[in-house]
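In each ligand, atom 1 is the first atom listed, and ligand 1 is the first ligand listed.
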Amino acid sequence: MGVFRYLTQFFRKYKWYYFFGIFWLLVVNVVQMMVPRLLGNITDSLAQGMLDARGLLMYALMILGIGLIMGFGRALWRIFITGSARRLEYYLRTKLFAHLQKMSPNYFNRMKTGDLMAHATNDINAVRMAFGGGIIMATDAIVLTLLAGGLMVAQVGWQLTLIAIIPLPILAVSASSFGRIIHSRFKNVQAAFSTMTESVQENLEGARVVKAFVQEDEEIKRFEEAAQKHVDTNVHLVKVWGMLEPLVQVLATASVILIVMFGGRAVINGSISIGDFVAFNSYLVMLIWPMMAIGWVINVLQRGRASMDRLNAILDEQPDIYDGDNAKDVDVQGNIEIKDLSFEYEDGHKALKNINLNIKKGKTVAIIGRTGSGKTTLVNLLLRLANPPRGTIYVDGVDINDIKLKNLRESIGYVPQDNFLFSTDISNNIAFALEKTNTIEVEEAAKFAHIYDNIIEFPEKFDTMVGERGVTLSGGQKQRISIARAIIKDPEILILDDSLSAVDTQTEEEILKQLEDIMNNKTSIIISHRVSTVKDADEIVVMDQGEIVERGNHDELVKQGGLYANLNHKQQLEEKLGSA
Ligand SMILES: Nc1ncnc2c1ncn2[C@@H]1O[C@H](COP(=O)(O)OP(=O)(O)OP(=O)(O)O)[C@@H](O)[C@H]1O
């Protein structure tokens with residue numbers, strides 16, 4: 001399959017745009033070629049005294065007509081080709097984004113976000129340039145060279161043409177090597193610019209840390225160095241730019257000198273007319289630009305191809321979590337059965353060992369355990385954010401590998417540990433999973449999650465923006481908005497992954513009580529490090545190093561005198577010390 005295989009559909013749709021664009025580009029090129037000839041004819045007619053005012057007006061009108069066609073044609077090919085290149089950029093970007101949406105969390109653990117962002121910006125830009133400016137310049141350079149060169153040969157002969165274009169290959173080679181140097185120096189400028197902006201961004205974000213560690217002066221020094229590097233790389237670039245222009249001038253002048261010497265002599269000995277001489281000169285000037293463009297065009301096309309190769313590598317990657325052929329929709333009730341589940345990560349780390357757990361619809365099971373004991377891994381498997389081995393996790397008697405992902409995930413309300421919120425307003429964050437935002441539902445969910453009172457104290461209430469452009473929410477407020485986001489779905493199964501750690505025990509108790517009401521007859525899994533969060537669950541499962549080491553209700557576990565009892569004792573002591 002070709003490098004541009006992912007663009008086939010796009011080109012099928014937009015081929016006529018490119019066709020018309022190139023058509024008009026050719027029209028402009030051909031029409032443009034008439035001007036030197038007309039100037040030549042005018043010169044000859046003037047020299048022979050054969051031109052009157054009417055004739056001059058005719059020529060003027062012809063040149064005006066050519067100018068109008070050129071202007072109109074240029075506007076058209078810009079619209080068709082440059083416009084299509086922008087559409088191509090959009091097509092590729094949305095395709096890449098949709099593809100990334102299908103990938104599993106494991107993929108994002110493997111790939112660096114920065115790299116993906118770079119592909120999504122630099123590589124897509126390079127492909128756009130190849131199919132925009134690249135195609136235009138390539139067509140323009142080839143057609144102009146052929147037409148101008150051909151007309152030169154036809155009108156004054158190949159000997160004079162060859163002499164006149166001697167400096168042009170030198171121009172092409174030097175413009176292309178200058179182009180390479182300019183490109184590499186420009187990359188240095190960009191790198192210096194991003195280092196400088198990163199330094200500013202980090203400092204603004206980490207202003208508290210900088211101040212607390214009294215590092216302002218060091219940071220100013222660091223920034224000055226970055227800003228200086230930016231100036232130095234720019235000066236370095238300007239130097240080479242500065243040399244390119246005089247070089248072009250020298251070589252173009254060399255061509256003109258050759259024409260004056262040899263062409264002038266041809267006029268004197270009568271083998272060509274003055275008009276031919278004038279037209280020839282104009283054709284030569286027309287050749288300078290394609291010579292300069294050749295190197296650039298090759299570079300842009302090569303870069304476009306290399307970038308497409310890199311994008312292909314991403315687009316070729318198959319998602320590792322998907323609906324199998326047997327996947328079906330299940331009317332999820334909330335009975336969960338985990339049978340002898342063992343799981344290891346790609347790096348060979350055994351995160352879960354022989355887990356057996358039966359959670360009946362309507363029950364609340366709590367999972368407690370030290371950090372790294374495998375609690376989140378278990379939840380990730382239940383949500384199929386990672387693939388569980390077949391025959392280990394069943395929902396309502398169906399292996400979850402056979403339940404459609406959308407169906408499974410829509411029936412689970414999940415409050416993740418990191419409480420990620422989007423940079424939009426609170427209302428949109430809560431209604432994230434709903435197709436349409438319903439104010440009443442959003443407010444109800446906020447009340448259940450005990451965040452309503454906080455929200456209405458914000459100046460813009462539910463319209464308050466979250467994140468950099470909005471309010472800074474406390475950890476506990478974020479947790480409660482995440483809870484509202486999960487319960488607004490009215491899920492059959494609710495999973496709270498350490499989602500109450502940042503609220504005080506009193507609020508925690510109130511939230512749990514509310515949840516008990518709304519999750520009545522539905523299944524809840526509550527993960528926590530705190531005994532206070534789990535003590536009222538129907539069953540408490542204690543995990544350690546990937547295994548279930550104790551299970552029972554609060555009283556039973558306290559009586560057992562094991563890990564749970566120990567944790568309970570310690571936390572009670574901490575509470576007493578805290579309130580003393
Ligand atoms: N993507 C991964 N690749 C490899 N190992 C992982 C991955 N994610 C987690 N682990 C490891 O698996 C083990 C279980 O992690 P997990 O996040 O499930 O623990 P946890 O009980 O939820 O911890 P915490 O209470 O801190 O959230 C840990 O040792 C962790 O380092």
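- Defined by atom type and a distance below 3.5 Å, a donor-acceptor pair is missing between the side-chain atoms of Y452 and E444.
- Atom 31 (O) of ligand 1 is not flagged as protein-proximal [any protein heavy atom, distance under 4.0 Å].
- Closest to atom 27 (O) of ligand 1 among all protein heavy atoms lies Q417 NE2, 2.6 Å.
- Heavy-atom proximity to A351, at under 4.0 Å, picks out these atoms of ligand 1: 12 (O).
- Of all the heavy atoms of D498, none lies under 4.0 Å from any atom of ligand 1, so neither backbone nor side chain is involved.
- The shortest N or O to N or O distance between G374 and ligand 1 is under 3.5 Å.
- Other residues, nucleotides and ligands place more than 12 heavy atoms under 6.0 Å from the CD atom of E344.
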What's the verdict on salt bridge (Lys or Arg N to Asp or Glu O under 4.0 Å) for D316 and R5, showing C-alpha distance, side-chain angles and the deciding distance?
CA-CA 11 Å; D316 282 344; R5 58 187 177 277; 2.6 Å; yes
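- Between G372 and ligand 1, at least one N/O pair is under 3.5 Å apart.
- For atom 17 (O) of ligand 1, the nearest non-hydrogen atom of the protein is T376 CB, 3.6 Å.
- The aromatic rings of F420 and F422 stand perpendicular to each other, their planes meeting at an angle above 60°, with 30° marking the opposite boundary.
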Under the side-chain contact (heavy atoms from CB on, under 4.5 Å) criterion, do E550 and L557 qualify, and how do the steps go?
CA-CA 7 Å; E550 292 169 23; L557 288 174; 3.8 Å; yes
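- Considering backbone and side-chain atoms together, T377 places an N or O closer than 3.5 Å to an N or O of ligand 1.
- At a heavy-atom distance under 4.0 Å, no atom of M543 approaches ligand 1.
- Nearest non-hydrogen protein atom to atom 25 (O) of ligand 1 is K375 NZ, 2.8 Å.
- Interface atoms of ligand 1 facing H529, defined by a heavy-atom separation under 4.0 Å, are 25 (O).
- In this structure, atom 5 (N) of ligand 1 lies nearest to the protein heavy atom Y345 CD1, 3.2 Å.
- Close approach of ligand 1 to D347 (heavy-atom distance below 4.0 Å) involves ligand atoms 4 (C), 5 (N).
- In this structure, Y14 has its ring center at least 6.0 angstrom away from the ring center of Y91.
- Applying the 6.0 Å contact sphere to CG of D325 captures no more than 12 heavy atoms from other residues, nucleotides or ligands.
- For the residue pair N553 / D555, no side-chain donor-acceptor distance below 3.5 Å is found, with atom types taken as modelled.
- Of all protein heavy atoms, the one closest to atom 26 (O) of ligand 1 is T371 CB, 3.2 Å.
- Atom 13 (C) of ligand 1 has its closest protein heavy atom at H349 NE2, 3.6 Å.
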Apply side-chain contact (heavy atoms from CB on, under 4.5 Å) to the pair F108 and L100, showing each step before the final yes or no.
CA-CA 9 Å; F108 297 103; L100 290 178; 4.3 Å; yes
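- Within ligand 1, the atoms closer than 4.0 Å to a non-hydrogen atom of N109 are 1 (N), numbered from 1 in the order shown.
- Contact check on D323 versus K406 returns no salt bridge, with no Lys/Arg side-chain nitrogen under 4.0 Å from an Asp/Glu carboxylate oxygen.
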